[in-house]
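Chain identifiers are assigned alphabetically (A, B, ...) following the order of the sequence lines, protein sequences preceding nucleic acid strands; residue numbering begins at 1 within each chain. Computed from a predicted model, the values in this text were never measured in an experiment.
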2 protein chains.
Amino acid sequence: MGNPLNLPFDPIERAHDNWSQRWGASPAMAAVTSLMRAQQILIGELDGALKPFGLTFARYEALVLLTFSSSGSLPLGKIGERLMVHPTSVTNTIDRLEGQGLVLRRPNPDDGRGVLAEITEAGRGVTEEATRTLLDLDFGLGCYSQEELWRMHEMFVRLRVDFGDFPAPAVEAVRRS
Amino acid sequence: MGNPLNLPFDPIERAHDNWSQRWGASPAMAAVTSLMRAQQILIGELDGALKPFGLTFARYEALVLLTFSSSGSLPLGKIGERLMVHPTSVTNTIDRLEGQGLVLRRPNPDDGRGVLAEITEAGRGVTEEATRTLLDLDFGLGCYSQEELWRMHEMFVRLRVDFGDFPAPAVEAVRRS
DNA sequence: TTTAATTATTAGGAAACTTAACTATCAGTT
DNA sequence: AACTGATAGTTAAGTTTCCTAATAATTAAA
């Protein structure tokens, strides 16, 4: 359902109009509904673009994260923390990437309980190609200007801080607005 | 993973900083990543709030849609169209709601192939209660002002139009900004 | 040192999406 | 009137991500 709908009207606008008559205008209801749809569209777009590489956006993010590490490897727990996904999802993600030869598991020398995921050369290659593809796509957000994108990002920072992802950033970090 | 992360830093900001060093600043990358996280937080919040009613946000939306209809019933296909979900997901959603006694299936008198989902009295009651709960929650968006929420909504309208959900709205529809 | 916490995996299940095949029925054409 | 093609809904199999809970191994703290 990431596909074009081609409806003659905006179903969210119409839902909100009906909603207003019973419960009063709720910009929050309109915003949350259209945010959900936007996410659905974008994940469809990104996953579609990554399909030729055998990747999903989640798996792509894991690969990119590994390339950021100087050793090319990270404990699985760290990966989950950084990507904000559940430990069982990390296991699954790394399972797949390992099966594709883009990553390999090694015991963590610093922690006998732990496991490192290490990106392979093939993994690095795929990451580069996939990144070029996504950049060409503007990550699906080509209809926005740079300024709008930063504004959107900062809008979400507020939400994420509010829900306890991390402490409110220092003021200088909001310079780009 | 809709839970608070309580990290000492913003993992998305950090990822973007690393990203910038290799591929250059990409506000689109930052925006899409934080949008995904925002969606994850919000769906967790909404589903959590609806759990006491035995609902998910998707099932709640289906109920609300039915209450909007004068007859309290709609063909399943229409439901999928309005909620922008896949036909097989509609079948599943209505299966669940029917199992809970909130909805019942009837043959569509106007189309021998079709099926109507009709909301029950129990369904109407649950919808009212659930709605009050979500309104109290501001749909998880309590950290924004009304103006910001409309701006956010309109931002997503642009994306949705761009991806062919529906034709660009007339200018008067953007009056609230 | 005993206890408690952490790391990762496994298993079972929910929810939503995808593709594909299938039944019925409708609608347009010849 | 019959044939063809499209539509409505279901079913099935498989993917993804989440959840809870249990487990084994190891580490850290009391």
Side-chain angles (χ1 to χ4, degrees), chain A residues 1-3 5 36-37 39-48 50-51 54-62 73-100 103-117, chain B residues 1-3 5 36-37 39-48 50-51 54-62 73-100 103-117:
Chain A
M1 280 306 303
N3 316 322
L5 297 175
M36 298 284 172
R37 174 58 183 163
Q39 191 270 348
Q40 188 185 35
I41 289 172
L42 288 172
I43 197 70
E45 199 68 7
L46 298 179
D47 280 353
L50 292 171
K51 201 161 195 176
L55 295 176
T56 61
F57 189 58
R59 296 209 285 268
Y60 168 77
E61 282 185 297
S73 66
L74 283 174
L76 299 208
K78 269 268 175 294
I79 296 175
E81 185 177 277
R82 294 299 183 82
L83 300 183
M84 303 167 289
V85 298
H86 199 272
T88 57
S89 299
V90 177
T91 296
N92 182 277
T93 297
I94 300 300
D95 279 353
R96 305 255 163 205
L97 290 173
E98 195 175 24
Q100 296 170 277
V103 139
L104 51 87
R105 274 186 172 84
R106 290 201 307 133
N108 186 345
D110 298 335
D111 187 338
R113 300 164 296 184
V115 173
L116 297 181
Chain B
M1 279 306 302
N3 316 321
L5 298 174
M36 299 283 170
R37 174 58 184 162
Q39 191 269 348
Q40 187 185 34
I41 289 172
L42 289 172
I43 197 71
E45 199 69 7
L46 298 179
D47 281 351
L50 292 172
K51 201 162 194 176
L55 294 177
T56 61
F57 189 58
R59 297 210 283 268
Y60 167 77
E61 283 186 295
S73 66
L74 282 174
L76 299 206
K78 270 267 176 292
I79 296 175
E81 187 178 274
R82 295 297 183 82
L83 299 183
M84 302 167 289
V85 299
H86 198 272
T88 59
S89 299
V90 176
T91 295
N92 183 276
T93 297
I94 300 300
D95 279 353
R96 306 250 165 208
L97 291 174
E98 195 174 24
Q100 295 170 276
V103 139
L104 50 86
R105 273 189 172 83
R106 291 200 308 130
N108 186 345
D110 299 336
D111 186 339
R113 300 164 295 180
V115 174
L116 297 182

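Whole-Å rounding puts the B:Ile41 CD1 to D:dT17 C1' distance at 16 Å. Rounded to a whole Å, the CG atom of A:Leu83 is 15 Å from the C1' atom of D:dC18. In this entry the distance linking CG of B:Asn108 with P of D:dT10 reads 12 Å, nearest Å. Between the C1' atom of C:dC17 and the CD atom of A:Glu45 lies a distance of 16 Å, rounded to the nearest Å. The nearest whole Å value for the distance from the NZ atom in A:Lys78 to the P atom in C:dA8 is 10 Å. In this structure, A:Asp47 places its CG atom 9 Å from P of D:dT16, rounding to the nearest Å. We find that CG of B:Leu55 is positioned 16 Å from C1' of C:dA16, with the value rounded to whole Å. Rounded to an integer number of Å, the gap from A:Gln39 CD to D:dC18 P is 11 Å.
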Contacts table for residues 106-113 of chain B: side-chain donor-acceptor under 3.5 angstrom, sequence neighbours left out:
residue	atom	partner	partner atom	Å
B:Arg106	NE	B:Glu118	OE1	2.7
B:Arg106	NH2	B:Glu118	OE1	3.2
B:Asn108	OD1	B:Asp110	N	2.9
B:Asp111	OD1	B:Arg113	N	2.9
B:Asp111	OD1	B:Arg113	NE	3.1
B:Asp111	OD2	B:Arg113	NH2	3.0

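For B:Pro75, whose side chain is taken as the heavy atoms from C-beta onward, the closest listed nucleotide among D:dG9, C:dA15, C:dA8 is D:dG9. Of the candidates D:dT10, C:dC17, C:dT9, C:dC17 carries the atom nearest the B:Ser89 side chain, counting heavy atoms from C-beta on.
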> Can you give one letter per nucleotide of nucleotides 20-30 of chain D, 5' to 3': B if a protein heavy atom sits under 4.0 Å from the base, S if only from the sugar-phosphate, - if neither?
Replying inline: B----BBS---
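Inter-residue side-chain proximity for A:Leu74 and A:Leu116 is flagged as unmet; no heavy-atom pair is nearer than 4.5 Å. Taking 4.5 Å as the limit, some side-chain heavy atom of B:Leu76 sits within range of a side-chain heavy atom of B:Ile79.
Contact annotation for B:Thr56: backbone-only contact, meaning every heavy-atom pair under 4.0 Å involves sugar-phosphate atoms and none involves a base.
DNA chain C is contacted by both B:Ala58 and A:Leu74; A:Leu74 maps to the nucleotide lying nearer its 5′ end (nearest heavy atom per residue).
Residues meeting the side chain to side chain contact (heavy atoms under 4.5 Å, CB included) test with A:Asn92, sequence neighbours left out: A:Arg96.
Put simply, the residue from B:Ile43, B:Thr93, B:Asp47, B:Leu46 that forms a side chain to side chain contact (heavy atoms under 4.5 Å, CB included) with B:Thr56 is B:Asp47.
One finds no side-chain N or O of B:Arg105 lying less than 4.0 angstrom from the OP1 or OP2 phosphate oxygen of D:dG9. For the pair A:Thr91 and C:dA8, the criterion of a side-chain N or O lying under 4.0 Å from OP1 or OP2 is not met. Within the 4.0 Å cut-off from OP1 or OP2 of D:dT15, not a single side-chain nitrogen or oxygen of A:Arg96 is found.
A salt bridge is absent between B:Asp95 and B:Arg59; no separation between the charged side-chain nitrogens and carboxylate oxygens falls under 4.0 Å.
Contact record, B:Gly80 with B:Val90: CA-CG2, 3.4 Å, taken as the closest heavy-atom pair.
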